[in-house]
There are 2 protein chains.
Amino acid sequence: MRADATDMPEFSPRQNAVLEQALRLLVEGGEKALTTSGLARAANCSKESLYKWFGDREGLLAAMIAHQASKVRTFERSGERLTADLLRDHLELFARDLLEVLAGDVSLALNRLAIGQANREGSKLGKLLLEHGRRQIDRRAMALIDQGKRAGLLRFDNADAAYHTLYGLIVSDLHVRMLLGELGLKDNVRQAEKAVAAFLSLHGTQKQSADALGVSAGR
Amino acid sequence: MRADATDMPEFSPRQNAVLEQALRLLVEGGEKALTTSGLARAANCSKESLYKWFGDREGLLAAMIAHQASKVRTFERSGERLTADLLRDHLELFARDLLEVLAGDVSLALNRLAIGQANREGSKLGKLLLEHGRRQIDRRAMALIDQGKRAGLLRFDNADAAYHTLYGLIVSDLHVRMLLGELGLKDNVRQAEKAVAAFLSLHGTQKQSADALGVSAGR
DNA sequence: GCAGAACCGTACCGTACGGTACGATAGAGG
DNA sequence: CCTCTATCGTACCGTACGGTACGGTTCTGC
């Protein structure tokens, strides 16, 4: 289950159940629906226990983020010999997963919560969300494009910059739009394909067919 | 001043001054600092007037967005004959302006406010922010890349998709990171250059030097 | 079977917010 | 000079939140 032994408290099953209820309340009604009284009622626990377990409200929010992050594990299946097609497949899979994660109810709700809490410089929640939520996905992508470079399929100077390019091509302003309440894409798969095609056109070592880039006839 | 006669109420000078104070409070202390009592105190007006002018708290927030949007006007200087260098310059200028706008205190505060308010499907504030705040910048970029295509300098099937590609290359996940409390880029200019170089590599009709793409030696 | 801890449900407290009401003040118009 | 309107400052109200306290109940270890 848990690959790396990242310190962190870890919560009891009972506490996890309460955190799950908290996430449900947050998803369904936004931050204003997540009150201590409401959570105690929904989770059949006492407010006293909430404060005993999580300290205060901010501690509860932090625990919710940690709890949610602990549920998401990315399998790093490296090993296999990379070909151009295989690299493209993995990149597209990553893109689809990324789009799916960002569009998830819980992810959107937690991001809205942390963003609403943040002011200029220094949101505990924001930092926590970035570290816990992003680290997994970042590592997966970085490992992938690094592998692509070692296999001679990608070329770039700065792996971090290349990753940000990939991220931007996949997500564009979609994340912010969804955070603001807009609906997601109709076709994540096509978006993933187009983003990866563009990325390979920029950083791939092999000639890319222009079809998937949408620069010639078609669709 | 106002180019297009977009309906909308427009506020009196006094009301604008109050809205300016409201923005200041929001920027300095986040949403929790923007209370009706606090605003009345800061702006030397009565709460009664606030409710008379803006209806209720949500009306006030909407008025703040409208007020801020009314201050941002993009000059569409078209006309001139486009060359490849000119197109690149204009794209880079657009990229720099976009990065600067997104990193602005007021923009971040308003986006945080609207996002914090939003839950799944249907945030009045979110829709308002998207329409008022984004329309200007979108139109400017669309006009630019459309012009580029007519001049034979760009090629793409879907102008909207091309614009989103440009946007993603420029912004990547920077906007969300800043919304979460992270600091902005150290060098907006370089980011703008790299993004435009990548965009031209994808959709330009002329060969792009690989230098600016960061794929060869040279930092 | 019993002691102790953990926990639940409820009641309670102080505070601060959104929104309303009211008397006082100040210009504008005649 | 008088009146009307707009606004200010303050006081007020109901509500609902975060956080605490307490008695009753269940669970655990011995």
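A note on names: the letters A, B, ... follow the listed sequences, proteins ahead of strands, and every chain is numbered from 1. Keep in mind that the numbers below use all heavy atoms, side chains included, and drop hydrogens, waters and symmetry copies.
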Going by distance alone, is a donor N or O of one side chain under 3.5 Å from an acceptor N or O of the other, for [X] and [Y]?
X: A:Gln68; Y: A:Lys71; value: yes
X: B:His67; Y: B:Asn16; value: yes
X: A:Gln147; Y: A:Arg150; value: no
X: B:Tyr163; Y: B:Asp138; value: yes

Is there side-chain contact between [X] and [Y], with heavy atoms separated by less than 4.5 Å?
X: B:Leu169; Y: B:Leu202; value: yes
X: B:Glu58; Y: B:Leu125; value: yes
X: A:Met142; Y: A:Ile145; value: yes

| said: For nucleotides 5-12 of chain C, give me one character per nucleotide, 5' to 3': B if any protein heavy atom sits under 4.0 Å from the base, S if the only such contacts are to the sugar-phosphate, - if neither. | reply: --SBB---
Quick one: [X] [atom1] to [N] [atom2], roughly how many Å, whole number?
X: A:Gln117; N: D:dG18; atom1: CD; atom2: C1'; result: 13 Å
X: B:Leu50; N: C:dC17; atom1: CG; atom2: P; result: 14 Å
X: B:Phe54; N: C:dT20; atom1: CZ; atom2: P; result: 15 Å

| query | What are the residues of residues 16-39 of chain A, sorted by number, that bring a heavy atom to within less than 4.0 Å of DNA chain C? | reply |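 By residue number: none to list.
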Atom pairs and distances, donor-acceptor, side-chain atoms in residues 91-101 of chain A, under 3.5 Å, two or more places apart:
| unit_1 | atom_1 | unit_2 | atom_2 | d |
| --- | --- | --- | --- | --- |
| A:Asp97 | OD2 | A:Arg140 | NH1 | 3.0 |
| A:Asp97 | OD2 | A:Arg140 | NH2 | 3.0 |

